[in-house]
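Below you'll find the structure, written out as structure tokens, and then a few comments.
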Amino acid sequence: MKKQNSAADPKIAYGIVLYYFDDPGEIQRDLLEVIERYFQVYSSPFTRVSKTGDRFSKWKATDSDFDSLANQIRDHDFTRSLFLSLTNSSTKDTADQRFLFWGRRIDTAFKSKTPNYLYFELPAQTDVDVYWQLFQRSFECHPFHLGFGNFVAVADEEFMPRSGASAAKQVRNSEFFLLDFDASFRNVSFLSILENRNKLFLAHPSQFIGVGTELSSIIDEALLHSPSMTADFELVQQNGCCLFKANGMAGLREISDRFAPYYGDVSKPLMFWKPEEWSEWIVRVRGATPGRIFIPR
């Protein structure tokens, strides 16, 4: 039997992603309220920043991490893209927490209309119910298009490709249901699926799934015909959004089964996966035994 990962293992974190198509400048207040709540949960200050995804430098917060970030968002003209990646890594150690902001005005003239997103990678040691409360509050602040929450294998952009290859291997080989941000939440073909804004809007199940008002209006009513709360499964409906939470393996299987009609054809990431590895993993996580939910010790 494989060894249980310990809570101190920095290679596992909790990832939450929130997608939206709104102009970030127009919903600035909502975004900052959401970000501030998550920043209160991070366990250490951020140390590194990238505005490109590959070149990092020292993060020089003039005030708190949140205030310094908020000032950059407030000062930005979203006719241009704003990308920010913050981590708590040093130049030698892989980060165990990070935050990504990607936002721009999605003009009708643009060829690409993939969604904007906020991504929070948080310490795995925190009680998952804290993340569930944050997830609910996110959709109370703003009706995001779609959101996911799941334990993830950590990949530090500053240490690519080595770190990315390690994360992909960990996802493939783990007995747990783990995701990887770049292969799952930022998979290029998945973002293209979201761009279509139709009934196919999932790559695979997740421990948390938040369905915004636009998608809630097109999902089958049968998806909602379940108890709002059981030992394994929770459903919360608020502000026209539907939030689902798997509490254990049975809940994850229920989510996987109920969301089966909404899976799109997601292609293999460009790096770190062989075609047969990707196909086998997709079949597993969409099936009756997607894996055990990781529980830190």
Side-chain angles (χ1 to χ4, degrees), residues 13-53 56-88 95 97-107 113-123 126 129-149 152 157 181 185-186 191 194 208-215 236 238-241 243:
Y14 203 85
I16 291 178
V17 64
L18 302 167
Y19 301 102
Y20 63 98
F21 289 94
D22 313 83
D23 181 341
E26 293 183 359
I27 63 165
Q28 181 187 104
R29 181 177 297 179
D30 293 351
L31 295 177
L32 292 179
E33 183 176 347
V34 170
I35 294 169
E36 184 172 25
R37 292 184 186 279
Y38 282 88
F39 270 44
Q40 292 170 356
V41 179
Y42 283 117
S43 60
S44 62
F46 289 108
T47 58
R48 309 282 289 167
V49 63
S50 172
K51 296 185 178 181
T52 61
F56 280 76
S57 59
K58 185 177 180 180
W59 168 247
K60 299 177 181 178
T62 55
D63 201 340
S64 69
D65 280 342
F66 170 74
D67 288 337
S68 294
L69 174 71
N71 287 335
Q72 294 196 40
I73 293 174
R74 291 190 187 103
D75 293 342
H76 192 75
D77 174 4
F78 286 99
T79 56
R80 299 170 293 113
S81 301
L82 176 63
F83 175 82
L84 289 168
S85 176
L86 301 177
T87 79
N88 71 335
Q97 64 183 47
R98 63 172 169 160
F99 166 73
L100 278 77
F101 180 100
W102 166 256
R104 83 283 193 214
R105 184 180 305 156
I106 304 175
D107 194 284
K113 299 178 180 62
T114 56
N116 299 314
Y117 60 81
L118 304 175
Y119 176 65
F120 307 92
E121 202 163 272
L122 301 138
T126 304
D129 285 336
V130 173
Y131 299 141
W132 177 233
Q133 292 169 18
L134 283 169
F135 196 68
Q136 291 182 66
R137 294 300 297 271
S138 299
F139 281 84
E140 289 176 2
C141 290
H142 186 78
F144 288 96
H145 182 72
L146 188 65
F148 299 113
V152 296
E157 293 171 308
F181 176 70
F185 300 149
R186 197 164 55 178
L191 293 179
L194 293 185
F208 301 167
I209 299 178
V211 180
T213 54
E214 179 181 0
L215 294 176
V236 175
Q238 59 185 32
N239 300 330
C241 303
L243 312 182

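Every residue meeting the side chain to side chain donor-acceptor pair (under 3.5 Å) condition with S64, not counting sequence neighbours, appears here in chain and number order: D67. With sequence neighbours left out, H76 forms a side-chain contact (heavy atoms from CB on, under 4.5 Å) with F78, R80, L82. Applying the ring pair (Phe, Tyr, Trp, His ring centres under 6.0 Å) criterion to Y131, with sequence neighbours excluded, gives Y14. Contacts of E36 classified as salt bridge (charged side-chain N to carboxylate O under 4.0 Å, His left out), with partners at least two apart in sequence or in another chain: none. Listed by chain and number, the residues in a salt bridge (charged side-chain N to carboxylate O under 4.0 Å, His left out) with R74 amount to none (sequence neighbours excluded). Applying the side-chain contact (heavy atoms from CB on, under 4.5 Å) rule to Q238 yields the partners Q136, F139, E140, V236, L243; only residues at least two apart in sequence or on another chain are considered. The salt bridge (charged side-chain N to carboxylate O under 4.0 Å, His left out) search around E26 returns none, not counting sequence neighbours. Residues meeting the salt bridge (charged side-chain N to carboxylate O under 4.0 Å, His left out) test with D77, sequence neighbours left out: none. With sequence neighbours left out, Y19 forms a side chain to side chain donor-acceptor pair (under 3.5 Å) with no residue at all. For W59, the side chain to side chain donor-acceptor pair (under 3.5 Å) criterion is met by D65, not counting sequence neighbours. Not counting sequence neighbours, R29 has no partner by the side chain to side chain donor-acceptor pair (under 3.5 Å) test.
Residues E121 and V152 share a closest heavy-atom pair of OE1-CG2, 3.7 Å. Across all their heavy atoms, G212 and C241 have their closest contact at CA-SG, 3.9 Å. V49 and K58 get closest at one heavy-atom pair: CG1-O, 3.9 Å. Summarising the geometry of I16 relative to G149, their closest heavy-atom pair is CG1-CA, 4.0 Å, with the distance given to 0.1 Å.
Two residues are said to be in side-chain contact when any heavy atoms from C-beta on lie closer than 4.5 Å; H145 and P115 fail this criterion. Contact annotation: the side chain of I73 approaches that of I35 to within less than 4.5 Å [non-hydrogen atoms, C-beta and beyond]. Side-chain contact between T87 and F56: present, with at least one pair of heavy atoms (C-beta onward) separated by less than 4.5 Å.
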Worked check of side chain to side chain contact (heavy atoms under 4.5 Å, CB included) between L146 and L194: CA-CA 9 Å; L146 188 65; L194 293 185; 3.7 Å; yes
Side chain to side chain contact (heavy atoms under 4.5 Å, CB included) between N88 and Y42, worked out: CA-CA 10 Å; N88 71 335; Y42 283 117; over 6 Å; no
CA sep, side-chain torsions, deciding dist, call: L31, H142, side chain to side chain contact (heavy atoms under 4.5 Å, CB included): CA-CA 8 Å; L31 295 177; H142 186 78; 5.7 Å; no
Audit row: L122, V130, side chain to side chain contact (heavy atoms under 4.5 Å, CB included) steps and yes/no: CA-CA 11 Å; L122 301 138; V130 173; over 6 Å; no
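The CG atom of D129 sits 11.0 Å away from the CG atom of L134 when rounded to the nearest 0.5 Å. Rounding to the nearest 0.5 Å gives a distance of 7.0 Å between CD of E33 and CZ of R137. One distance of note links OG of S85 with OH of Y119; it measures 10.5 Å at 0.5 Å rounding. Here the NZ atom belonging to K113 is positioned 10.5 Å from the CZ atom belonging to F21, to the nearest 0.5 angstrom. In this structure, D63 CG and L69 CG are separated by 12.5 Å, a value rounded to the nearest 0.5 Å.
Under a 3.5 Å cut-off, the side chain of S68 and the backbone N or O of T62 do form a donor-acceptor pair. Looking at Q97, its side chain does come within 3.5 Å of a backbone N or O of S44 through a donor-acceptor pair.
Between F208 and F135, the two ring planes are tilted [angle within 30° to 60°].
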Please list every donor-acceptor pair under 3.5 Å in which a side-chain atom of residues 99-106 meets a protein atom from a residue at least two apart or in another chain.
{"residue": "R104", "atom": "NH1", "partner": "T114", "partner atom": "O", "Å": "2.7"}
{"residue": "R104", "atom": "NH1", "partner": "N116", "partner atom": "OD1", "Å": "3.0"}
{"residue": "R104", "atom": "NH2", "partner": "T114", "partner atom": "O", "Å": "3.0"}
{"residue": "R105", "atom": "NE", "partner": "D23", "partner atom": "OD2", "Å": "2.9"}

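For F39 and F46, the ring centers are positioned less than 6.0 Å apart.
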